[in-house]
Number of protein chains: 2
Amino acid sequence: MMKLSAKVRYGLLALLELADHYQQSSFLQVDEIVAAQNIPYRYLMQLLISLRRSGIVRSHRGIKGGYCLTKAPENITLLEIVTCLEGIPQPEKSGQASVESVDNLLIEDIWSQANQSVMQLFASYSLKSLSDKRKESRKSNQMYYI
Amino acid sequence: MMKLSAKVRYGLLALLELADHYQQSSFLQVDEIVAAQNIPYRYLMQLLISLRRSGIVRSHRGIKGGYCLTKAPENITLLEIVTCLEGIPQPEKSGQASVESVDNLLIEDIWSQANQSVMQLFASYSLKSLSDKRKESRKSNQMYYI
DNA sequence: AATATTCCATAGTATAATACTATAAAGCAA
DNA sequence: TTGCTTTATAGTATTATACTATGGAATATT
């Protein structure tokens with residue numbers, strides 16, 4: 001129903017790494033992200049380029065280059081991220097070229113509502129809240145190994 | 001984001017036709033559905049078979065055969081329909097075989113929430129409500145031609 | 001029973017989307 | 001300059017989607 005694409009999963013995981021690194025005011029290299037998460041190198045590149053184009057991260061080339069967030073993690077919503085990577089959820093055009101019959105409008109209306117509710121949910125998550133959640137989970141996960 | 005597949009669109013349009021025909025306690029043939037909506041014949045067959053298997057419609061063969069709904073349109077939710085056609089929205093397995101890391105769980109949790117909200121929306125629509133909506137739209141659409 | 005009409009079922013193909021890769025170029029710092 | 005980094009374009013492999021072909025089985029009418 002809601003398909004979770006590798007694109008979003010990878011992009012989000014990368015951004016979580018960048019969020020953790022946000023305080024250090026230095027750039028995190030793609031290699032380091034790849035090491036932390038298990039993401040195909042060249043594929044991640046493309047995602048980072050998209051994220052840079054839409055202003056979520058910025059980059060620096062050269063020997064101490066890499067990527068970092070442009071804003072604080074609490075000011076980046078999951079909605080921005082998904083929208084950037086997946087593109088705008090456009091009405092999908094009913095196949096047979098713009099025959100906007102009553103029936104098609106009816107169906108698109110419902111799908112639009114579904115989109116709205118998902119987008120609302122995504123807007124309620126910031127990168128920081130996700131990062132915090134992750135830290136929590138890690139902590140309580142550690143306890144099993146003591 | 002929410003992708004509206006042809007499968008669901010076609011299936012839903014077919015069911016709307018069956019809903020309109022529900023009173024007549026006779027069977028509506030696939031040809032008639034194809035004539036009303038513009039759906040590829042053999043493709044629609046498969047959808048109808050799926051819908052029959054999950055008990056949403058029943059069929060009758062032979063010279064006065066066809067399809068009809070098994071229950072009244074007000075007792076069929078959009079959720080049943082979508083679930084039948086698209087299958088259960090399963091967690092999608094993180095690609096690299098069941099490595100359920102903390103990070104993957106975090107992401108799957110969010111997607112599960114998104115699914116929940118969409119499913120809740122779909123559950124709130126019955127086939128009858130959609131059929132009524134369609135009739136309304138048609139009526140107000142007619143007015144432009146007077 | 002014969003026959004026409006309908007659905008049933010499996011399997012196959014064509015197109016498009018997704019995920020991933022290759023390669024060359026260009027910027028930056030030491 | 002030289003070695004490190006990102007940038008950009010384009011190409012391939014895999015998978016999902018949408019659709020088709022064909023033969024068969026059930027049913028109602030004659």
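Lettering follows sequence order; numbering is per chain, from 1.
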Check whether the side chain of [X] and the base of [N] form a donor-acceptor pair under 3.5 Å.
X	N	answer
B/Arg61	D/dA25	yes
B/Arg42	D/dT22	yes
A/Arg58	D/dT6	no

>> So, applying side chain to side chain donor-acceptor pair (under 3.5 Å) with A/Asp132, which one of A/Lys135, A/Arg134, A/Lys128 is it?
In response: A/Lys128
Separation of [X] atom [atom1] from [N] atom [atom2], in whole Å?
X	N	atom1	atom2	answer
A/Leu48	D/dT7	CG	P	8 Å
A/Lys64	D/dG3	NZ	C1'	15 Å
A/Met45	D/dT5	CE	P	10 Å
B/Arg9	D/dT17	CZ	P	16 Å
B/Tyr41	D/dA21	OH	P	14 Å
A/Tyr67	D/dT7	OH	C1'	8 Å
B/Ile39	D/dA18	CD1	P	13 Å
A/Leu51	D/dT7	CG	P	11 Å

>> Heavy atoms from C-beta onward define the side chain here; which of C/dT6, D/dT5, C/dT10 lies closest to that of B/Arg53?
In response: C/dT10
> Nearest to the side chain of B/Ile63, which nucleotide is it out of C/dC7, D/dA8, C/dT5?
Replying inline: C/dT5
>> Tell me the closest heavy-atom pair linking B/Val57 and B/Tyr67, and the distance in Å.
In response: CG2-CD2, 3.8 Å
> What pair of heavy atoms forms the shortest contact from B/Ser50 to B/Leu85, and how long is it?
Replying inline: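 That would be CB-CD2, 4.5 Å.
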>> Any side-chain to backbone donor/acceptor pair from A/Glu80 onto A/Thr77? Under 3.5 Å, distance only.
In response: yes
>> With a cut-off of less than 4.0 Å, is there a side-chain N or O of A/Arg52 near OP1 or OP2 of D/dT6?
In response: no
> Reckon A/Ser59 has a side-chain N or O less than 4.0 Å from the OP1 or OP2 of D/dT5?
Replying inline: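 No, A/Ser59 has no side-chain N/O under 4.0 Å of OP1/OP2 on D/dT5.
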Taking N or O atoms only and anything under 3.5 Å, show me the protein contacts with nucleotides 18-20 of chain C, one pair per line.
residue: C/dA19; atom: OP1; partner: A/Ala6; partner atom: N; Å: 2.9
residue: C/dC20; atom: OP2; partner: A/Tyr10; partner atom: OH; Å: 3.4

>> Are A/Leu47 and A/Phe27 connected into the same hydrophobic cluster when the rule is that any two of I, L, V, M, F, W, Y join if their side-chain heavy atoms are below 4.5 Å apart?
In response: no
>> Would you say CD of B/Glu74 has more than 12 non-hydrogen atoms from neighbouring residues, nucleotides or ligands within 6.0 angstrom?
In response: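 Enclosed: over 12 neighbouring heavy atoms sit under 6.0 Å from CD of B/Glu74.
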> Would one find more than 12 heavy atoms of other residues, nucleotides or ligands at under 6.0 Å from atom NZ of B/Lys71?
Replying inline: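 Check passes, neighbour count above 12.
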